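Here is the structure we will look at.
Note that this is a predicted model, so its numbers are computed, not measured. Reminder, nothing fancy here: chain letters follow the sequence lines and each chain counts from 1.
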Amino acid sequence: MKNKKRTHQYKKKIGLSPGSIVYTGEKESQNLFIESFDYNQDVIEEKVHVKIEDTFQYKLTKNVTWTNINGLNHVDSIEKIGNHYNIHPLTLEDIVNTSQRPKVEDYDNYMFVVLKMLYYDKDEQVITEQVSFIMGDNYVLSFQEAEGDVFDTVRDRIRLSKGRIRGLGADYLLYALIDAVIDHYYIVVETMGNKIEDLEDNLFNGFSQEEISQEIQNLKREVLKVRRAIFPLREIISKIEKNENELIKDKTLHYFRDIYDHVIQLSENIDIYREMIWSLMDMYMTALSNKMNEVMKVLTVIATIFIPLTFFTGVYGMNFDHIPELHYKYAYFILWGIMIVLFLAMLFYFKKKKWF
Amino acid sequence: MKNKKRTHQYKKKIGLSPGSIVYTGEKESQNLFIESFDYNQDVIEEKVHVKIEDTFQYKLTKNVTWTNINGLNHVDSIEKIGNHYNIHPLTLEDIVNTSQRPKVEDYDNYMFVVLKMLYYDKDEQVITEQVSFIMGDNYVLSFQEAEGDVFDTVRDRIRLSKGRIRGLGADYLLYALIDAVIDHYYIVVETMGNKIEDLEDNLFNGFSQEEISQEIQNLKREVLKVRRAIFPLREIISKIEKNENELIKDKTLHYFRDIYDHVIQLSENIDIYREMIWSLMDMYMTALSNKMNEVMKVLTVIATIFIPLTFFTGVYGMNFDHIPELHYKYAYFILWGIMIVLFLAMLFYFKKKKWF
Amino acid sequence: MKNKKRTHQYKKKIGLSPGSIVYTGEKESQNLFIESFDYNQDVIEEKVHVKIEDTFQYKLTKNVTWTNINGLNHVDSIEKIGNHYNIHPLTLEDIVNTSQRPKVEDYDNYMFVVLKMLYYDKDEQVITEQVSFIMGDNYVLSFQEAEGDVFDTVRDRIRLSKGRIRGLGADYLLYALIDAVIDHYYIVVETMGNKIEDLEDNLFNGFSQEEISQEIQNLKREVLKVRRAIFPLREIISKIEKNENELIKDKTLHYFRDIYDHVIQLSENIDIYREMIWSLMDMYMTALSNKMNEVMKVLTVIATIFIPLTFFTGVYGMNFDHIPELHYKYAYFILWGIMIVLFLAMLFYFKKKKWF
Amino acid sequence: MKNKKRTHQYKKKIGLSPGSIVYTGEKESQNLFIESFDYNQDVIEEKVHVKIEDTFQYKLTKNVTWTNINGLNHVDSIEKIGNHYNIHPLTLEDIVNTSQRPKVEDYDNYMFVVLKMLYYDKDEQVITEQVSFIMGDNYVLSFQEAEGDVFDTVRDRIRLSKGRIRGLGADYLLYALIDAVIDHYYIVVETMGNKIEDLEDNLFNGFSQEEISQEIQNLKREVLKVRRAIFPLREIISKIEKNENELIKDKTLHYFRDIYDHVIQLSENIDIYREMIWSLMDMYMTALSNKMNEVMKVLTVIATIFIPLTFFTGVYGMNFDHIPELHYKYAYFILWGIMIVLFLAMLFYFKKKKWF
Amino acid sequence: MKNKKRTHQYKKKIGLSPGSIVYTGEKESQNLFIESFDYNQDVIEEKVHVKIEDTFQYKLTKNVTWTNINGLNHVDSIEKIGNHYNIHPLTLEDIVNTSQRPKVEDYDNYMFVVLKMLYYDKDEQVITEQVSFIMGDNYVLSFQEAEGDVFDTVRDRIRLSKGRIRGLGADYLLYALIDAVIDHYYIVVETMGNKIEDLEDNLFNGFSQEEISQEIQNLKREVLKVRRAIFPLREIISKIEKNENELIKDKTLHYFRDIYDHVIQLSENIDIYREMIWSLMDMYMTALSNKMNEVMKVLTVIATIFIPLTFFTGVYGMNFDHIPELHYKYAYFILWGIMIVLFLAMLFYFKKKKWF
């Protein structure tokens with residue numbers, strides 16, 4: 001399943017001329033959804049558009065314009081917007097090629113940022129979705145594979161002029177959008193932490209070995225997936241901080257430094273989870289060894305007590321003509337006595353050895 | 001439990017506009033406690049205040065002023081102090097957001113330091129509490145979640161003019177406060193070392209497997225927690241040393257270098273404990289394997305000795321009409337002889353193989 | 001087998017004067033195949049040549065010329081081309097010495113790039129083949145051990161003037177050729193991923209232990225092989241990007257940055273596969289331990305139930321003259337009753353302990 | 001024990017004003033021993049002093065003066081010397097605080113070096129002792145916790161004017177003293193190597209599991225201890241080499257480079273020992289598993305051979321009225337025959353499987 | 001053995017004044033062998049000398065002179081040559097102290113290179129031997145512990161004027177000699193690879209556990225030894241490449257870069273072997289676990305089948321007066337029937353569980 005998806009992505013790409021704009025994700029029947037926010041401190045115009053061309057007018061205004069395009073399968077619209085905003089073909093290719101690593105690239109007239117959005121779907125699987133941003137002088141274009149609610153807080157802040165978003169430029173808007181994506185990581189990382197602690201609690205009972213092995217393997221994969229989305233961000237944010245083409249103003253840099261702190265914190269949490277998962281594996285192995293030890297002790301106690309006793313009964317079950325003991329009147333009871341003493345002695349011995 | 005706490009912190013933060021000042025810790029019903037020390041070489045004024053506004057007068061003096069604010073839940077007071085001292089909103093947010101990583105940040109007019117205080121609570125759990133410092137030209141503001149005694153040594157040194165603290169500036173005061181926090185780390189790291197050595201002593205007896213697994217897991221978590229508090233300090237101190245906005249005077253740099261040495265030493269100890277814990281796990285696994293080996297040997301010795309002997313008794317317990325041995329007069333005794341010889345031979349064999 | 005190949009390569013090399021041009025690969029009876037593309041925006045001349053000398057004329061044209069030489073065993077032709085293009089003897093040695101590591105080297109008049117091509121042969125073995133490129137002012141020479149179809153997409157793009165290849169210089173051609181090689185890595189990496197997931201699915205059934213051990217070992221080796229081909233590329237591409245002798249034009253740099261992203265992505269995938277393989281090993285060990293546990297439980301349940309019962313039958317099989325129980329009329333049935341109760345009690349006990 | 005020592009050190013330090021000069025080692029009743037060497041190419045004056053003040057005269061001479069102070073518990077003398085030579089309080093604190101990490105610090109008028117001396121005590125325990133050096137323009141002060149013979153070779157070389165020591169300055173003297181300390185490391189590292197190889201030889205016989213576990217754990221700790229003493233030296237020596245305040249003359253730098261080589265070599269040896277110890281652990285685990293395997297085989301062979309045979313004897317020990325075989329004349333002998341054949345067949349089978 | 005050697009080396013060194021020239025190797029009764037090659041493009045004079053003084057004349061010629069001295073135990077000759085060529089005492093000490101790490105050192109008038117030569121002796125042990133080179137303006141001195149054939153290819157190339165050696169200077173000669181040493185590493189690394197693959201093939205049969213443990217341990221040590229010889233070379237070659245005192249001419253730099261590539265390749269191979277050895281250990285442990293599993297299954301199958309059957313025979317071997325079944329005519333045969341059915345049922349059950 002997961003595998004087929006991967007195959008799919010690669011197949012489409014290989015053998016094409018670089019710069020070919022081909023959507024490689026899975027959401028191929030997604031509707032196109034375009035919305036735009038054009039605002040400054042005082043006024044705001046929010047609209048949903050049917051055609052991409054309708055958004056082009058905002059480029060001319062001096063206001064900050066955020067154009068949010070959902071549905072990367074509509075490659076033609078992406079191309080149109082690319083032409084209008086003068087975007088390099090490689091950037092357009094990267095927007096629709098959803099197997100990109102998170103990265104930031106500086107071009108002459110814009111900055112290009114690719115991120116991964118993370119969420120748990122209803123099957124408790126971590127899903128990654130690609131989000132890209134193009135930030136120019138006074139506009140931000142954002143591209144998502146499908147409509148989502150991740151930017152709702154940003155929308156609200158623009159609408160209500162909450163916080164300082166309306167008073168600041170496109171760079172602050174970019175920051176706010178990236179921050180919204182990263183805020184979602186906390187939810188995923190936290191859910192993952194809960195899963196690990198659940199598993200830890202159920203390690204010694206409740207789950208079968210195969211379930212535990214499977215779950216540990218799943219968690220390892222999820223951690224790897226989340227790591228791949230989050231770790232490149234450290235480099236990205238420091239690249240943005242060091243950026244030289246003055247698209248990011250000094251005033252906004254403090255905010256990116258704040259994101260950097262979040263990313264470091266998330267990275268550390270992920271590394272801790274990673275270590276905890278490996279540790280779980282060890283604990284499980286120890287628990288297994290211990291259980292086996294316990295099983296072996298039961299076997300050994302029983303066998304060690306009864307095998308010698310059975311030997312004695314065997315001795316007096318023999319049919320030799322001359323076994324003098326057989327004819328003593330109390331022999332049977334004496335033997336019982338001996339066997340009971342032996343039995344208790346061995347019980348005592350094993351008790352002392354703490355075998356049960 | 002631990003988990004819920006984490007959830008709590010994240011929930012509060014996600015979706016808020018950056019720079020929102022919301023306390024995310026657990027001590028929500030903490031009283032506000034404000035004290036100030038205003039001193040120079042010759043005079044000292046120590047006061048406890050009810051309202052934050054009462055401390056604002058000290059900003060005007062040329063003396064060094066240390067204002068210590070306990071109770072981060074009193075967000076409004078934090079905001080007031082922020083306005084008065086002209087603190088960036090992100091800094092205020094970081095002060096009350098107790099899930100910060102230790103860090104240092106340079107602003108134009110002040111230096112901002114976030115540390116974690118560590119102590120063992122009465123359940124022998126490592127507790128981390130956030131302490132932040134803002135150092136300006138001639139003042140230090142310190143923020144704690146709750147009142148504590150960690151700064152008592154600093155208070156005494158100011159009061160008694162012990163050491164060189166009264167003669168030096170705000171930078172030396174900052175150093176003294178950070179040093180007091182780091183001094184406490186030694187106690188935690190030492191306690192942790194004792195716990196590890198205790199566990200090591202009790203590895204082979206005294207504890208059940210589940211207790212040991214649990215304790216090892218706990219220790220791993222504690223080490224991770226302490227690591228997260230201490231490791232970023234290396235970077236922080238070197239950042240302070242390299243600081244360029246001249247808040248730290250050359251004379252004080254030697255003292256920060258001294259802290260750096262302490263931090264390196266603590267880091268090394270933590271790494272050694274980490275390694276010792278992993279090593280414990282290995283020792284425990286080996287001990288388990290060894291015990292199993294011992295159990296198996298007992299079983300094997302007993303079974304190997306008695307199973308063949310029981311076979312012989314079985315042979316002469318058969319009811320064939322013609323078993324000539326049965327009628328020889330000394331057959332029974334001869335068989336006993338043979339069985340005893342076999343028994344001793346096998347004992348000897350196992351003895352030689354060092355199986356018991 | 002693999003081993004002999006390695007021996008072979010080393011033997012040929014050791015003891016020779018450096019700069020000796022000796023083919024060290026295995027394809028010694030390969031035919032020489034030479035083709036050339038001489039093109040600019042408007043015209044294109046494609047030819048297959050019999051003698052290497054026939055291609056020398058193109059050096060004089062102002063067009064971009066790509067000369068592709070297959071068959072590294074034809075050392076004399078390599079030497080001739082070396083003389084004609086003024087190639088350093090060490091470069092020629094590296095072209096035919098197929099045990100090179102991927103690398104890039106700057107010479108005064110050309111840039112030399114060695115890559116490894118990867119593909120799965122029909123035995124599902126990863127094969128590496130050496131491909132080298134020499135890029136001069138307006139020409140690219142490419143050297144392959146044997147004819148292959150890896151450059152077909154490039155050929156097509158030149159012929160059909162698809163993409164921007166015809167309008168750009170030799171540096172873009174070099175990029176396109178390297179990109180074609182790297183595109184093939186995706187297929188190999190993906191196949192490897194499929195193999196790992198297949199193995200994971202068959203870990204608990206379907207394969208014998210020896211097959212699994214063997215397969216895991218094979219996969220580890222393949223990952224190492226692919227790693228060795230891909231990892232040096234990161235360094236190579238950044239060296240090309242930083243190149244100073246102006247053979248690579250600024251316009252083309254964006255494309256090499258794109259390759260860099262691909263290489264990073266491939267590297268990360270390989271590292272993930274590596275980790276997954278080690279993880280598989282662990283899972284397999286756990287599964288083994290678990291199976292053993294299960295086996296031991298069966299043995300223990302059976303032995304623990306029947307050994308004591310057999311002891312009782314032994315008791316009443318003894319031939320003492322005076323065993324009062326033997327003569328009670330219902331003794332036999334009472335014993336059966338006791339034994340059945342014991343049997344059920346033990347079953348219940350083991351059930352409760354979840355042993356079966 | 002070890003633990004208590006550590007506690008001790010920390011306790012003394014915590015809560016004191018920085019720069020407080022308090023001895024934190026264990027040798028509290030050590031006598032003060034002061035000796036001085038004042039020499040140049042031609043003359044030499046060697047003296048043992050009772051009071052520290054007696055050595056102060058040598059500071060005025062143009063000769064090189066080496067003052068060696070043993071007994072760090074005599075804090076007052078350390079303070080006096082500190083005042084006389086104008087030493088920073090933090091340096092004095094570091095000299096008597098024996099829990100320092102090895103380090104070098106540049107001050108305006110002197111260079112301060114802290115090293116750890118290593119030796120095995122009579123219980124075969126690695127002991128670390130702190131040695132510090134202060135090197136000024138034409139003097140070296142050395143501080144030891146207790147009298148020792150580590151500097152005997154240096155003393156001899158000064159007395160006999162052997163080597164080039166008398167002709168060179170204080171920097172060469174410092175080199176010679178550090179070199180003497182490092183020479184001692186070789187003995188410790190070598191002894192450690194011998195212990196590891198001894199353990200390796202005795203892994204499979206001679207030692208009980210608990211002894212081996214204990215010994216491996218001890219060796220790990222010793223390696224960690226020695227590592228902590230030696231690893232910082234790499235950084236120290238390169239700092240000395242790069243030193244800028246011209247206390248180290250160019251001529252002497254070659255000698256420090258020589259020390260650097262020694263330190264690298266020691267570090268490599270320690271890393272190898274570390275790896276060997278981990279490897280020992282693995283070997284031991286394998287040996288354990290193997291032994292268990294062997295034990296299980298013995299049990300299995302015996303049980304598998306005799307349990308079926310015993311079953312047959314059981315069959316003919318039954319008391320059914322009608323068991324025809326019982327009455328055939330040779331039945332007993334035939335059964336013996338069958339049982340012997342079975343026995344041999346199983347022996348052969350196990351032999352073929354190489355189980356014994 | 002190995003150990004004693006190490007002891008030996010250290011003992012000789014400790015306590016001596018630095019710069020003391022003492023041979024620390026094992027080949028103490030080696031004869032002195034001195035040969036010299038004095039050549040330029042046109043003429044060549046090759047001679048074997050008895051006394052070191054006889055070679056001093058060549059220093060005056062403008063030709064390149066290679067003086068090869070075998071027998072480091074002849075310390076007096078080393079000292080004489082040191083005086084004549086004006087070599088630093090530390091260099092002379094390093095030449096005869098055979099426990100040096102590979103390194104390169106720049107002196108004013110010469111460059112000093114220490115390498116390790118590696119070969120397998122007749123006991124299949126890796127032997128390291130120290131080779132040092134001193135390269136001055138127009139001479140190279142090489143020092144070996146004993147006569148060997150490693151430089152034969154260089155001798156031949158000088159004699160026959162093969163390659164470009166005669167036309168180039170002392171720097172190219174140094175390169176050729178180092179290259180000859182490194183060429184030999186390939187043989188050692190390849191032999192090691194063969195040994196690892198042999199072991200891999202024999203892991204599951206052919207070798208006893210102790211042999212395998214021993215062999216794995218040996219291979220680990222060999223890899224460590226070879227690593228120590230080869231890894232420092234990376235640093236050495238890049239130091240030579242960056243060398244500033246113009247002893248290495250630009251023209252020769254390409255050749256050293258070629259060596260660098262070889263060293264990287266060797267290092268990678270060694271790391272791969274290292275990983276393969278650890279992997280072998282894992283495979284062996286898995287194989288062991290698997291075998292134990294198999295053994296346990298045999299035991300469990302046999303015991304589980306026969307223990308219950310034996311119980312039944314026990315039941316009817318009892319001597320109760322009233323056991324009704326005993327008197328039914330076909331009881332015996334019915335019991336056989338039941339037992340055979342049970343037997344087959346259990347066989348079928350275990351077959352289904354794939355236990356045999």
Side-chain angles (χ1 to χ4, degrees), chain A residues 152-153 157 162-165 175-176 179-180 183-184 186-187 189-190 193-194 197 200 204 254-255 257-259 261 264-265 268 272 275-276 279-280 282-283 285-287 289-290 292-293 296-297 299-300 303-304 307-308 310-324 354-355, chain B residues 2-3 6-7 10 13-20 88 90 93-94 99-101 103 105 209-210 213 216-217 220-221 224 228 281 284-285 288-289 291-292 295-296 298-299 302-303 305-307 309-310 312-319 323 325-333 335-336 339:
Chain A
D152 276 358
T153 56
R157 273 154 59 199
K162 222 169 60 175
R164 55 192 77 64
I165 196 161
Y175 153 72
D179 192 51
D183 264 9
H184 265 241
Y186 276 95
I187 300 171
V189 167
E190 184 196 340
N194 290 348
E197 292 186 11
E200 205 169 356
F204 296 108
H254 270 304
Y255 293 95
R257 198 161 57 168
D258 198 52
I259 290 188
D261 287 343
I264 293 288
Q265 200 179 31
E268 283 184 346
I272 285 172
E275 198 153 312
M276 279 169 77
S279 189
L280 273 182
D282 274 6
M283 273 176 79
M285 280 298 283
T286 315
S289 284
N290 222 61
M292 180 118 74
N293 218 343
M296 291 308 303
K297 278 180 189 166
L299 175 61
T300 304
T304 304
I307 285 178
T310 303
F311 164 71
F312 284 110
T313 69
V315 166
Y316 295 106
M318 293 192 295
N319 297 320
F320 287 108
D321 290 355
H322 299 280
I323 307 189
K354 296 201 179 156
W355 281 18
Chain B
K2 238 181 68 269
N3 205 15
R6 211 161 43 220
T7 315
Y10 294 163
K13 220 189 135 307
I14 298 169
L16 284 176
S17 165
S20 304
H88 195 283
L90 280 175
E93 188 192 359
D94 286 350
S99 61
Q100 290 302 309
R101 259 186 108 229
K103 64 175 174 182
E105 285 184 338
Q209 183 267 339
E210 221 153 292
S213 254
I216 287 177
Q217 201 70 357
K220 276 190 197 163
R221 271 212 212 100
L224 285 175
R228 283 174 85 185
M281 198 73 199
Y284 183 61
M285 280 299 281
L288 262 188
S289 283
K291 245 181 208 164
M292 181 118 73
V295 170
M296 291 309 302
V298 169
L299 175 61
I302 293 289
I305 287 177
F306 284 101
I307 285 179
L309 297 184
T310 303
F312 283 111
T313 69
V315 167
Y316 296 106
M318 292 192 294
N319 298 320
I323 306 189
E325 299 95 309
L326 292 183
H327 311 300
Y328 298 141
K329 199 168 176 189
Y330 302 112
Y332 174 62
F333 304 102
L335 183 67
W336 261 120
M339 292 199 301

Please tell me if the side chains of A:Thr286 and B:Met281 come closer than 4.5 Å, counting only heavy atoms from C-beta onward. yes
If you compare all heavy atoms of B:Thr310 against all heavy atoms of A:Ile307, which two are closest, and at what distance to 0.1 Å? OG1-O, 4.4 Å
B:Ile302 side chain reached by A:Thr300 side chain, heavy atoms, under 4.5 Å: no
Taking every heavy-atom pair that is under 4.5 Å apart, which of B:Tyr328, B:Tyr330, B:Trp336 has the most such pairs with chain A? B:Trp336
I'd like to check the salt bridge (Lys or Arg N to Asp or Glu O under 4.0 Å) partners of A:Asp282; sequence neighbours left out, ordered by chain and number. none
Gap between atom OG of A:Ser279 and atom CZ of B:Arg221 - 0.5 Å precision: 8.5 Å
Does A:Phe312 reach the side chain of B:Thr313, with side-chain heavy atoms less than 4.5 Å apart? no
Region of B:Met339 that comes under 4.5 Å of a non-hydrogen atom in chain A: side chain
Does B:Phe333 CZ have over 12 foreign heavy atoms under 6.0 Å away? yes
Looking only at A:Leu280, A:Leu299, A:Ile264, A:Asp152, the option with the highest number of non-hydrogen pairs under 4.5 Å against chain B is A:Ile264
Closest-packed option against chain A by number of heavy-atom pairs under 4.5 Å, given B:Asn319, B:Val315, B:Ile305: B:Asn319
Most heavy-atom pairs under 4.5 angstrom with chain A, which of B:Lys103, B:His88, B:Lys220, B:Met292? B:Met292
Can you measure from CE (B:Met285) to CG (A:Asn290) and round to the nearest 0.5 angstrom? 9.0 Å
What residue in A:Met296, A:Lys297, A:Arg257 has the most heavy-atom pairs under 4.5 Å with chain B? A:Arg257
What part of B:Leu335 gets within 4.5 angstrom of chain A, counting heavy atoms only: side chain, backbone, both, or neither? side chain
I'd like to know if A:Glu275 pairs up with B:Arg228 as an ion pair, taking the criterion as any Lys NZ or Arg NE/NH1/NH2 lying under 4.0 Å from an Asp or Glu carboxylate oxygen. no
Taking ring-ring contact (aromatic ring centres under 6.0 Å, His included) as the definition, give me every residue that meets it alongside A:Phe320, ordered by chain and number, with sequence neighbours left out. B:Tyr316
